[in-house]
Amino acid sequence: MSMGFGEVYRAVLREYPDILTVEELSRALGISTKTGYQLIREGKIECLKVGRSYRIPKAHVLAFLRVYEKA
């Protein structure tokens, strides 16, 4: 049984800051960092590039989860 959007936010994402690193994104979604970078490369999760690192606004993670939930 998968958790709905609201349950994911309440159970997982609320604990994270408003801007996540790829490592935090991966922990929150339960995926590897390699998969996190792949989602960014494929444009499935929008991000900001700061220097050599990526920052993902929590709102973009939530948007990704909404799209994923509908699929």
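All of these numbers come straight from a predicted model, not from anything done at the bench. Only this structure's heavy atoms are used, side chains among them; waters, hydrogens and symmetry mates stay out.
- Between Leu25 and Thr33, every side-chain heavy-atom pair lies at or beyond the 4.5 Å cut-off.
- At least one donor-acceptor pair closer than 3.5 Å links the side chain of Lys58 to the backbone N or O of Leu13.
- The minimum heavy-atom distance linking Ser26 with Gly36 is given by the pair OG-CA, 4.2 Å.
- Among residue pairs with one or both ends in residues 24-38, none qualify as salt bridge (Lys or Arg N to Asp or Glu O under 4.0 Å); sequence neighbours excluded.
- Taking the side-chain hydrogen bond (donor to acceptor under 3.5 Å, both in side chains) definition, one finds that Gln38 meets it with Glu42, sequence neighbours left out.
- Note: the hydrophobic cluster containing Ile19 does not contain Leu29 (ILVMFWY, side chain heavy atoms under 4.5 Å, direct or indirect links).
- In this structure Thr35 satisfies the side-chain hydrogen bond (donor to acceptor under 3.5 Å, both in side chains) test together with Ser32, sequence neighbours excluded.
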Kindly list each side-chain donor-acceptor pair under 3.5 angstrom involving residues 46-57, sequence neighbours excluded, with atom names and distances?
unit_1: Ser53; atom_1: OG; unit_2: Val50; atom_2: O; d: 3.0
unit_1: Ser53; atom_1: OG; unit_2: Arg55; atom_2: NH1; d: 3.4

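- Hydrophobic clustering, with ILVMFWY side chains joined whenever heavy atoms are under 4.5 angstrom apart, groups Tyr37 together with Phe64.
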